[in-house]
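The block underneath contains the structure these notes are about, expressed in structure tokens.
Below, all heavy atoms of this structure are taken into account, side chains as well, without hydrogens, waters or symmetry copies. Chain identifiers are assigned alphabetically (A, B, ...) following the order of the sequence lines, protein sequences preceding nucleic acid strands; residue numbering begins at 1 within each chain.
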Amino acid sequence: MAVTNAEIAAIFNRIADLLEIQDENPFRVRAYRNAAHMVQGLSRSLAEMVEQGETLEALPTIGKDLAAKIREIAATGSLRKLKQLQTMVSPGLVDLLKVPGLGPRRLRTLRDYLNIQNIEELEKAARQGLLRQLPGFGVKTEQNILRELSELQQRTRRFLWAEVEEIAEQLLTYLRQLPGVKRVEMAGSYRRRRETVGDLDILVSTSRNAPVMDAFVSFASVERVISKGTTRSTVVLRTGLQVDLRMVPQVSFGAAWHYFTGSKAHNIAVRVMGVQRGLKVNEYGIFDKQDKRIAGRTEKEIYAQMGLQWMEPELREQRGELEAAAQGRLPKLITENDLRGDLHCHTTTSDGQDSLEAMAKAAQQMGHDYLAITEHSQHLRVARGLSADTLLAHCDAIDALNEKLKGIRLLKGVEVDILEDGSLDMPDYVLQRLDICLGAIHSAFGLSEQKQTARVIRAMDNPRFNVLAHPSARLIDKRSACRLDMEQIMDAALARGCCLELNSQPRRLDLNDVHCRMAKERGLKVVISTDAHSADQLGYLRYGVAQARRGWLEKDDVLNSRRLAALLKALQR
DNA sequence: GCCGTTTTCGGCCCGACTGTTTTCAGTCG
């Protein structure tokens with residue numbers, strides 16, 4: 001089976017961990033991490049590039065050595081270099097890197113003085129008070145390690161973007177009303193709209209010495225203060241979410257906002273561009289040889305110094321956005337306003353919580369031109385899926401309601417189960433009556449890549465099939481993506497006039513950003529839908545739009561940016 | 001281990017905070 005890019009990235013990251021523990025040249029370690037990061041964001045399969053004899057060395061961060069390693073992984077599924085390193089470092093030691101406060105130096109001290117090889121041994125030694133005697137350690141470090149160990153699971157957890165949205169807004173409101181505060185903004189992965197965030201980064205600038213830090217650490221939801229300084233403080237909220245706050249002078253706000261928005265890889269690339277121009281770039285601004293600040297008040301100034309257009313935070317992942325900006329070819333990212341309707345939702349007739357009428361009314365209030373009603377099919381018992389007859393009756397109800405509605409059109413649809421053999425869980429004579437047919441995998445998630453891919457393509461062979469809903473079937477942090485050859489599926493969809501959905505449910509966000517980009521590059525249209533199970537959830541569209549933006553999608557890449565007539569035409573295969 | 005408008009060798013982003021030191025190393029972002 002073809003090796004995935006994610007597997008290759010995982011191998012490179014593991015090698016970087018092992019090299020780091022061994023006190024290897026830190027730049028060599030970084031080379032592996034850079035390569036892993038690049039591979040993760042690549043919208044083409046490396047295994048396939050190897051198979052077609054393409055030169056991997058043309059990829060950024062990949063030189064002769066790493067190209068050979070990728071070829072070895074593609075051919076054998078593993079890497080001798082990794083196996084060899086694994087014999088030199090005990091596997092438990094790598095886990096210790098996950099303990100906040102423990103880096104490679106302290107790890108080696110632990111191993112060399114106390115022969116500590118894993119988390120259990122570390123905890124035992126800390127309880128016995130052995131760590132405080134080690135060079136560079138003390139009583140406080142020992143206590144910190146013990147506390148981190150007890151909170152390890154919670155602290156390493158990432159949160160869904162949507163889970164932290166409310167507290168992020170509360171923090172902004174709280175900080176903005178403090179006296180002397182000029183400006184407060186979110187930065188970090190939250191601003192870049194990553195599907196999950198590890199912490200919140202907040203920037204504040206004040207007009208005078210306002211006691212913002214004191215106010216911040218006494219915010220109601222704060223459970224513990226990790227650090228508190230004059231320019232930076234870190235707290236942990238009761239939910240386990242870490243929040244960093246930075247104070248920056250207004251003259252540096254743009255530089256700081258850019259810097260703390262990241263991504264890290266994007267920042268490093270920008271700093272390297274600065275170095276090439278003889279400039280120093282940091283969170284306080286851009287400085288020339290005489291250490292004179294020549295930019296920093298706005299992000300636009302920062303990019304302009306590098307000869308670049310300002311770019312949306314969602315693009316800043318070091319996936320070609322700097323090159324695109326240099327050429328003036330940045331995408332004009334889609335916005336929620338570009339969408340004219342929603343093509344996936346449920347009502348009380350299957351497993352939704354609101355009636356047909358309520359859903360229609362809510363969609364109309366959102367300004368939608370159309371809303372597709374797409375109940376489950378009968379194979380999905382837990383969701384009270386509809387039989388052929390019930391769906392036909394439901395169609396009658398939709399037709400009747402459409403007669404009464406003004407300003408919005410309900411589309412008759414279905415979210416039909418793709419059965420294990422690739423057939424659809426609804427007879428063709430029923431599908432024929434519908435405006436739109438979504439197909440989805442809700443069972444047999446564990447098939448081999450070959451079988452799963454064939455299953456989906458066979459489903460798309462049915463000429464009534466329009467949209468592959470939540471294509472990978474993943475649930476973030478709950479269920480991994482099905483093994484699918486996504487490139488093959490996209491090519492098949494394109495050939496058959498089908499689309500792929502970007503499902504906006506916060507735990508799905510499926511397609512992911514890399515897959516959106518992959519679709520765009522092929523000219524395959526994407527549908528951004530909510531899969532709403534209540535009227536409130538129709539608002540989830542904003543999460544899907546954010547993910548689409550991370551995947552560089554523009555208005556024309558998205559099918560439901562079209563008016564009703566054009567949409568209906570496109571649904572005729 | 002990568003990379004090149006100063007380079008095929010010698011660089012590789014940079015600052016804040018903590019804790020352990022008594023001027024700085026380690027870690028983090």
**Asked** Expressed in angstrom and rounded to an integer, what is the separation of A/Lys280 atom NZ from B/dC12 atom P?
**Response** 14 Å
**Asked** For B/dC13, does OP1 or OP2 lie under 4.0 Å from any side-chain N or O of A/Arg30?
**Response** yes
**Message:** Taking 4.0 Å as the cut-off, does a side-chain nitrogen or oxygen of A/Tyr259 come that near to OP1 or OP2 on B/dA16?
**Reply:** no
**Asked** Within the pair A/Asn144 and B/dG19, is there a side-chain N or O less than 4.0 Å away from OP1 or OP2?
**Response** yes
**Prompt:** Expressed as a whole number of Å, how far does the C1' atom of B/dG29 sit from that of B/dT21?
**Reply:** 24 Å
**Interatomic distance at P, B/dG11 relative to B/dT18, whole Å** = 34 Å
**Message:** Using a strict threshold of under 4.0 Å (side-chain N to carboxylate O), is an ion pair present between A/Glu165 and A/Arg542?
**Reply:** yes
**Prompt:** Quick one: A/Asn282 CG to B/dA16 P, roughly how many Å, whole number?
**Reply:** 8 Å
**Asked** Hey, is A/Glu185 close enough to A/Arg176 for a salt bridge, meaning N to O under 4.0 Å?
**Response** yes
**Request:** Verify the contact: side-chain N or O of A/Thr234 to OP1 or OP2 of B/dC17, cut-off strictly under 4.0 Å; return yes or no.
**Result:** no
**Message:** Expressed as a whole number of angstroms, how long is the span from A/Glu283:CD to B/dA16:P?
**Reply:** 6 Å
**Prompt:** Does the B/dG29 base have a donor-acceptor partner in the side chain of A/Asp199 within less than 3.5 Å?
**Reply:** no
**Message:** Any strand counts, and the cut-off is 3.5 Å on both contacts for Watson-Crick or G-U wobble. Which nucleotide pairs with B/dT8?
**Reply:** none
**Request:** Look only at the side chain of A/Glu554 and the backbone of A/Lys332, and say whether a donor-acceptor pair between them is shorter than 3.5 Å.
**Result:** yes
**Message:** Just N and O in the side chain of A/Lys264: are any of them under 4.0 Å from OP1 or OP2 of B/dC14?
**Reply:** no
**Request:** Considering only atom C1', compute the distance from B/dT22 to B/dT8 and round it to an integer number of Å.
**Result:** 45 Å
**Along DNA chain B (nearest heavy atom to each residue), the more 5'-positioned of A/Leu107 and A/Ile268** = A/Ile268
**Asked** Rounded to the Å, how far apart are A/Arg232 CZ and B/dC14 P?
**Response** 18 Å
**Nearest-Å distance for atom pair CG/P, residues A/Asp244 and B/dC28** = 13 Å
**Request:** Examine B/dC14: is either OP1 or OP2 under 4.0 Å from a nitrogen or oxygen in the side chain of A/Arg271? Give yes or no.
**Result:** no
**Request:** Start with the C-alpha distance between A/Phe216 and A/Phe219, add both sets of side-chain angles, then the distance that settles ring pair (Phe, Tyr, Trp, His ring centres under 6.0 Å), and finish with yes or no.
**Result:** CA-CA 5 Å; A/Phe216 173 59; A/Phe219 179 66; 7.8 Å; no
**Request:** Figure out the CD/C1' separation between A/Glu20 and B/dG1, and round it to whole Å.
**Result:** 15 Å
**Request:** For the residue pair A/Tyr303 and A/His266, categorise the inter-ring angle as parallel (less than 30°), tilted (30 to 60°) or perpendicular (more than 60°).
**Result:** perpendicular
**Request:** Using atom NZ of A/Lys140 as one end and atom P of B/dT21 as the other, report the distance to the nearest whole Å.
**Result:** 14 Å
**Message:** With a 4.0 Å cutoff (strictly under), does any side-chain N or O of A/Ser233 reach OP1 or OP2 of B/dC17?
**Reply:** no
**Request:** Rounded to the nearest angstrom, tell me the gap between atom NZ in A/Lys64 and atom C1' in B/dT8.
**Result:** 13 Å
